[in-house]
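Okay, so here's the structure we're looking at.
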Amino acid sequence: MFKIVSAEWLAPKVRRIVAEAPRVAAHHQPGHFIILRVRDEGERIPLTIADSDAEKGTITLVVQVVGATTELLCELEPGQAIQNIAGPMGKPTEIEDFGEAVLVGGGVGTAVIYPQAEALKKAGNKVFAVIGGRSKEYVIFEEELQAYCEEVFPCTDDGSHGYNGFVTGKLGEMLEDKSRKIGAVLMAGPVPMMRAVAEVTRPYNVPTIASLNPIMVDGTGMCGGCRVTVGGEMKFACVDGPEFDAHKVDFKELTDRLATYKEQEIFAWERLQKGHQCKLDQQEAACRASS
Amino acid sequence: MKPSERMKIPRHEMPEQDATERSGNFQEVNQGFEEQFACREAERCLQCKDAKCIPGCPVGVDIPAFVSAVSENDLSKAADILLADNVLPGVTGRVCPQETQCEEVCVRAKKGEPVGVGHLERFVADWAREHRKDLFEPPPATGKKVAVVGSGPAGLTCAGELAKRGHAVTVFEALHRPGGVLVYGIPEFRLPNIVVDAEVETLQRRGVEIVCDVIIGQTYTIPELLEEEGFDSIFIANGAGLPIFMNIPGESLKGVYSANEFLTRVNLMGAYRATEVDTPVIRPTRAVVVGGGNTAMDAVRTSRRLGADPATLVYRRSRAEMPARNEEIKHAEEEGVELKLLNTPIEILGDDDGWVRAVRCQRMELGEPDDSGRRRPVPIEGSEFEIPCEIFVVAIGTKANPLLTQTTPGLEVNKWGNIIIDDTGMTSIPGVFAGGDIVRGGATVILAMGDGKVASRSIHKYLMNGQA
């Protein structure tokens, strides 16, 4: 069991969870992920490690409620525990001195780029972050990123904070700016965002790395469920990745495979909501009985 | 009892769950012996002085002795004898290919049927699981620490043997539940996970510590285990690893699985109990599995139980070349699995939404023998046809997982990435041993267990004398 030390809401349906996982914390590098199981009978899901503290033996996860498992995870309070956390998994980010490095984060993907920002800064880069959210309240890690970035550019779809528009718009402007010498773009976020960013950087020939999030089971290369096509070759995101050259990733296929269990996910979600309603009804009945 | 009387007793068949019924559930196919049948079967053993069955067993179980105890109805004694040589008898009694090992060399097989060693082993193991919760007197501690990588059959065997000799053993398992292929791979209807759990618990009572959620090569490296975590020796048994795909068009379609993924979802994660667990699996109305080994049989029989009708197995050679056990092939056919032999998939066809809709196959004929001595399948031009299906499972083998080997400087591997060992089981790194599929590249449970046993003896020698 992996005890939760703290948990708080960062944005609507987005929770930051700090959990005890000393073995993982001791070996965490940027780009690594873990696989967790919330409970017995739970499924195994991959989550990128947003931060770690080797001394305290904790890791930080940033989780968005997108289905039954993430909802169960986000219901946990400090003092409660996650059934299993295995990791760190995947290859770490290849950190080099690119000169100027731009990190692009969309939604909870912003948590993924956070440890990369620190490592890139330490490697001598001038680091910039372009982070997106639907509106102001969905933009996360802005302050944290400022510690390692020359500039952080929040972007909102509705213009309620920072740049008015998608991250691709802001990134496009930066690439056009001849005074900048962008050596690399690293990104994490929803697949449509990553696909669009790859298209924005392609004409400029800027090396662009995407952190992919396919469906996984074991996370050790054993099942092959996370296979993605990169440059026409089959790769396993868990052991060959999860970071790949975004210009070579078949994002259409990734999008498609991510939808494999849509029906089952809706079923699981409805079952969970029904369960919750049962619990509420029971509590209410118990309340009435005792009063 | 006189040998002539023993010779007259016919072999008792294993009672099986009705084929139609079992093709719709995940309960065990083989139901196990009743006590009186077990005693009767045990009486068939001629108690050979120079028993061929013992060397026929990769872990060297004293078969005549435990069978004799069964015939005397002394099951506690039988369990002691069995457990002395085999820490996983409930597993091997179910999944060992006895017909090519102990039973093949049984003297009674020369004229008729061999003694049902596997069935008796299972009987004794199941009895022990119900009736024995031994508290083991711990042997004197040697003060030596051994790390075992992987809790599959090789790792568990090695761990158990080392614990018996007083070494402190820690087994690291990457998944959340111990057992390796025994729990993620082999289906419930052949080997219930509770059987594995019980035998793992017995090992824990012997003092073996099992730590889940640790991936060696990621969480710790081999050098870290030796230099920082204070282990005196290591046994690497992390299994075969990566699934091989066919490299044909359509393998990224939704509904295409490796056998590992399909079986892991169903067995380890319990996806067949859809209303109770969170892990999903596609429930097909029609399934195609490619491959001819036991894993392929497990996958196709699993798909049948999830509702596939037809559940079709496609194999490029003929029945004679199938590596699967005869019993598995027979059980599959009884359950309604269709075998399409001498066929190979050449393309997976998808619909507009990216789902598998059919597999295009090509017929084969057998040509000259190849390197493996089996006749090489040769495609017949113009023989292509389609099999409609919603899932397509690839069960054509695995290759070595690089996670551990890549992070272990000085560890020698062959061109396939399998770890190279010497006769004692030691790798190119002193004190580091290996066995099971990471060495063999895909074999059986019992051969992995044999490796674990050999390595345990060498590790013991290495720890006590400084050399294996």
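In the text below, chain A, chain B and the rest are named by the order of the sequence lines, each starting its count at 1.
- Comparing A:M89, A:K91, A:R44 by heavy-atom pairs within less than 4.5 Å of chain B, the highest count is held by A:R44.
- B:T170 places a side-chain heavy atom less than 4.5 Å from the side chain of B:F231.
- Top candidate by heavy-atom pairs under 4.5 Å with chain B, chosen from A:G221, A:G219, A:G90, A:A68, is A:G221.
- For the salt bridge (charged side-chain N to carboxylate O under 4.0 Å, His left out) condition, the pairs that include at least one residue of residues 249-269 of chain B, sequence neighbours left out, are A:D256-B:K254, B:E261-B:R265.
- Contact check for B:I216 versus B:T221: no side-chain heavy atoms found under the 4.5 Å cut-off.
- The residue among B:L268, B:V281, B:T264, B:N238 with the most heavy atom pairs within less than 4.5 Å of chain A is B:V281.
- Side-chain atoms of A:R39 never come within 3.5 Å of backbone atoms of A:I82 as a donor-acceptor pair (strictly under, hydrogens ignored).
- Side-chain atoms of B:T407 come within 3.5 Å of backbone atoms of B:L404 as a donor-acceptor pair (strictly under, hydrogens ignored).
- There is no contact between B:V181 and chain A, counting heavy-atom distances below 4.5 Å.
- A:H27 and B:E224 share a donor-acceptor pair across their side chains, judged by distance under 3.5 Å alone.
- There is no contact between B:L263 and chain A, counting heavy-atom distances below 4.5 Å.
- Heavy-atom distances place both the backbone and the side chain of A:E43 under 4.5 Å from chain B.
- With a 4.5 Å cut-off on non-hydrogen atoms, B:L242 touches chain A through its backbone and its side chain both.
- With respect to chain B, the highest number of heavy-atom pairs below 4.5 Å among A:M222, A:E253, A:M234 belongs to A:M222.
- A:R271 touches chain B through its side chain: at least one heavy atom from C-beta onward sits under 4.5 Å away, while N, CA, C and O do not.
- Taking the side chain as every heavy atom from C-beta outward, A:E71 and A:W269 approach each other to under 4.5 Å.
- No part of B:A271 comes within reach of chain A, as not one of its non-hydrogen atoms sits under 4.5 angstrom from that chain.
- Between A:R37 and B:M269 there is a side-chain heavy-atom pair separated by less than 4.5 Å.
- Proximity to chain B is absent for every atom of A:L36, based on heavy atoms less than 4.5 angstrom apart.
- For the set A:A21, A:G225, A:A26, A:G67, the entry with the most heavy-atom pairs within less than 4.5 Å of chain B is A:G225.
- Counting heavy-atom neighbours within 6.0 Å of A:E199 CD, excluding the residue itself, gives a total above 12.
- Pairs passing the ring pair (Phe, Tyr, Trp, His ring centres under 6.0 Å) check and including a residue from residues 240-291 of chain B, sequence neighbours excluded, read B:F26-B:Y272, B:Y257-B:F262.
- Using a distance-only test at 3.5 Å, with no hydrogens or angles considered, no donor-acceptor pair links the side chain of B:D353 to the main chain of B:W355.
- The greatest number of non-hydrogen atom pairs below 4.5 Å with chain B, out of A:I34, A:T220, A:L272, A:L72, is found for A:T220.
- Counting heavy-atom pairs closer than 4.5 Å to chain A, the top residue among B:A240, B:S252, B:G241 is B:S252.
- Only the backbone of A:I85 comes within contact range of chain B, with at least one heavy atom under 4.5 Å from a heavy atom of that chain.
- Between chain B and the options A:Q264, A:R227, A:H28, heavy-atom pairs under 4.5 Å are most frequent for A:R227.
- Only the side chain of B:L403 comes within contact range of chain A, with at least one heavy atom under 4.5 Å from a heavy atom of that chain.
- Of the two parts of A:R23, the backbone and the side chain both hold a non-hydrogen atom closer than 4.5 Å to a non-hydrogen atom of chain B.
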